[in-house]
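Read through the structure below, which is laid out as structure tokens, and then see the notes.
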Amino acid sequence: MTAVAEKARPKRKVRPAGRVGSLRSGLTAWLGRPLADFHLLLAIFGMLTVLGLVMVLSASAPGQVASGVSAYSVFQKQLIYVCIGAVLFWVVLRFPLRRLRHLSTAAMGIGVLLLVLVLTPLGDVRGGARSWFTVGPISFQPIEAVKLALALWGAHVLVTKRALLSQYRHLLVPVVPVAMLVFALVMLQPDLGGTITLGVVLISLLWFVGAPMRLFGVIAGGAVAGAVVLAVGAAYRLQRVTTFLNPDADPLGAGLQARQAMFALAEGGLFGKGLAQGSSQWRYLPNVESDFIFAVIGEELGFVGCGLVLALFGGLAWVGLRVASRNTDPWIRIVAATLTVWLVAQAAINIGYVVRLLPVTGLTLPLISSGGTSVVTTMVVFGILANCARHEPEAVQALRSLGPGRVGGLLKLPAPEAYRPPPKRKPVRPSTPPRAPGRNRTQQLPVVDERRMAGRSAPPSEYRRRETRRVNQGRSEQGRSTRGRGRYN
């Protein structure tokens with residue numbers, strides 16, 4: 001009866017629920033297109049850039065007017081850096097990734113040299129740290145470029161040695177010693193925020209190359225110990241930790257930023273007060289256009305504006321890791337994943353200390369906070385990510401067969417090159433050893449354990465095979481003669 005009832009029961013067809021189902025199917029179909037990741041990255045990049053310019057103008061204008069200078073002074077400087085970054089974004093987008101990989105070693109060497117020079121009198125001191133170079137009206141921090149160089153060079157070294165990464169010495173050397181040298185140079189400035197982001201880049205490289213979990217346990221223990229030593233070793237770092245634990249202990253001193261940021265977020269409500277209508281930018285919140293610009297977003301754009309920022313960085317995380325997973329070139333995979341984690345982690349740290357989940361570290365919100373070197377470097381990173389998206393196998397095939405498309409034609413982008421894995425090297429067989437003078441050819445050669453000397457996977461050499469065949473042939477002839485005598489006698 002049960003079988004008959006099951007046969008008689010009609011099967012229900014699962015249909016998508018109206019508009020939601022059609023929207024989901026359409027979105028799935030669009031995401032399956034070859035250049036979907038490239039277009040998504042461009043959209044996220046454009047929205048973050050525009051939002052950053054608007055918020056820098058809104059956050060800095062009232063304070064500049066109160067100081068007696070032009071309301072557009074900070075905005076004009078930020079706009080100049082954004083234009084420089086846009087040009088570099090386009091250059092990196094057209095630059096061949098294979099050549100960029102080859103140049104990563106030289107870039108890393110130049111970056112370490114700049115970190116050494118910035119500690120000399122050539123460097124400029126700002127905010128208590130000697131971390132700037134100033135050439136006329138232009139100033140920049142070399143640490144931002146070194147982060148990018150470490151990601152590119154570290155991925156190059158690890159991919160080159162990927163067949164030997166099961167051994168710790170090949171996994172750690174030379175990437176970890178060079179990174180430790182860079183950490184030491186940055187802490188001599190001192191720059192705690194730069195050290196944190198460098199640590200994020202190093203951990204991402206080791207994670208995506210497949211390092212064992214016990215190594216990350218050791219790194220976590222060392223990071224905690226190092227943080228405790230650094231916090232105790234400097235008075236201002238210890239003050240940041242104590243202020244994070246109890247910001248109400250000094251409400252008008254060390255705890256002023258944390259308290260005012262929370263007040264700004266609370267006053268914003270759901271939709272905010274509107275652009276340039278907040279009170280934080282009237283010097284109530286220090287560093288409002290750089291470190292604490294997320295508080296201004298919460299006050300002027302409300303919960304909706306904060307949700308938009310979180311959605312954009314969440315989308316960046318998803319698209320960047322999707323680009324890494326869809327590529328076949330191992331260097332592109334590691335670079336795309338590492339750069340994505342770097343930007344998203346920096347944004348999470350900045351938002352975390354604004355909402356009092358983390359101690360203040362001085363990291364900027366990528367593409368939104370005011371800061372020339374940070375904005376230019378972030379735009380270059382977006383250019384590399386977009387270039388990686390164009391090197392997905394389906395995107396390469398589509399661009400080479402159907403043309404560059406509207407965006408590619410507008411930006412004059414060349415067709416990307418398909419990934420070709422390096423040819424496998426054949427094992428080199430050991431050459432035949434020379435015969436000693438006067439030795440008889442029929443004399444038995446010394447037995448050498450070649451497999452132990454050359455490795456278990458090394459094949460026997462030619463003279464060993466000839467000698468083995470000769471011995472086996474002699475044994476077989478001796479066996480036939482013995483059987484013959486036994487048969488006929």
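Quick note: numbers below take in every heavy atom, side chains included, and nothing from hydrogens, waters or symmetry partners. Count residues from 1 along the sequence. Every value quoted in this text rests on a predicted model; they were computed, and no experiment measured them.
Considering only heavy atoms from C-beta on, Leu171 comes within 4.5 Å of Leu215 through its side chain. In this structure, Val176 and Tyr168 have side chains that are not in contact, with every pair of non-hydrogen atoms separated by 4.5 Å or more. When side chains are defined from C-beta on, Asn327 does not count as touching Tyr419, because their heavy atoms never get closer than 4.5 Å.
In this structure a side-chain-to-backbone donor-acceptor pair under 3.5 Å is present from Trp90 to Leu411. Using modelled atom types, no side-chain atom of Ser139 and backbone atom of Thr134 make a donor-acceptor pair closer than 3.5 Å. Judged purely by atom type and a 3.5 angstrom limit, Thr338 has no side-chain atom pairing as donor or acceptor with the backbone of Val335. With Gln78 contributing its side chain and Gly371 its backbone, the two residues share a donor-acceptor pair below 3.5 Å. Arg390 contributes a side-chain N or O that, together with a main-chain N or O of Pro414, makes up a donor-acceptor pair within less than 3.5 Å. Side chain of Thr120 to main chain of Val116: no donor-acceptor pair is present (N/O by atom type, distance under 3.5 Å, no hydrogens or angles). Not a single donor-acceptor pair under 3.5 Å links the side chain of Lys77 to the backbone N or O of Ser370. Under a 3.5 Å cut-off, the side chain of Asn387 and the backbone N or O of Val92 do form a donor-acceptor pair. Here the side chain of Arg333 pairs no donor or acceptor atom with the backbone of Pro330 at under 3.5 angstrom. Side-chain atoms of Arg130 come within 3.5 Å of backbone N or O of Gly123 as a donor-acceptor pair.
With a 6.0 Å radius and a threshold of 12 heavy atoms from other residues, nucleotides or ligands, Leu103 has its CG atom above the threshold. At most 12 non-hydrogen atoms from other residues, nucleotides or ligands lie less than 6.0 angstrom from CH2 of Trp207. Atom CZ of Arg94 is surrounded by more than 12 heavy atoms from other residues, nucleotides or ligands within 6.0 Å. For CE of Met47, the number of neighbouring non-hydrogen atoms (other residues, nucleotides, ligands) closer than 6.0 Å is 12 at most. For Phe303, the CZ atom counts as loosely surrounded, since its 6.0 Å shell holds 12 or fewer non-hydrogen atoms of other residues, nucleotides or ligands.
For the pairing with Ser131, the side-chain contact (heavy atoms from CB on, under 4.5 Å) check across Arg126, Glu144, Gln189 returns one residue only, Gln189.
Ring geometry for Phe133 against Phe140 counts as tilted: the plane angle lies between 30° and 60°, on a 0 to 90° scale. The aromatic rings of Phe45 and Phe89 sit parallel to each other, their planes meeting at less than 30°, with 60° as the upper class boundary.
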- What's the verdict on side-chain contact (heavy atoms from CB on, under 4.5 Å) for Leu198 and Ile143, showing C-alpha distance, side-chain angles and the deciding distance? CA-CA 9 Å; Leu198 282 171; Ile143 180 59; 3.5 Å; yes
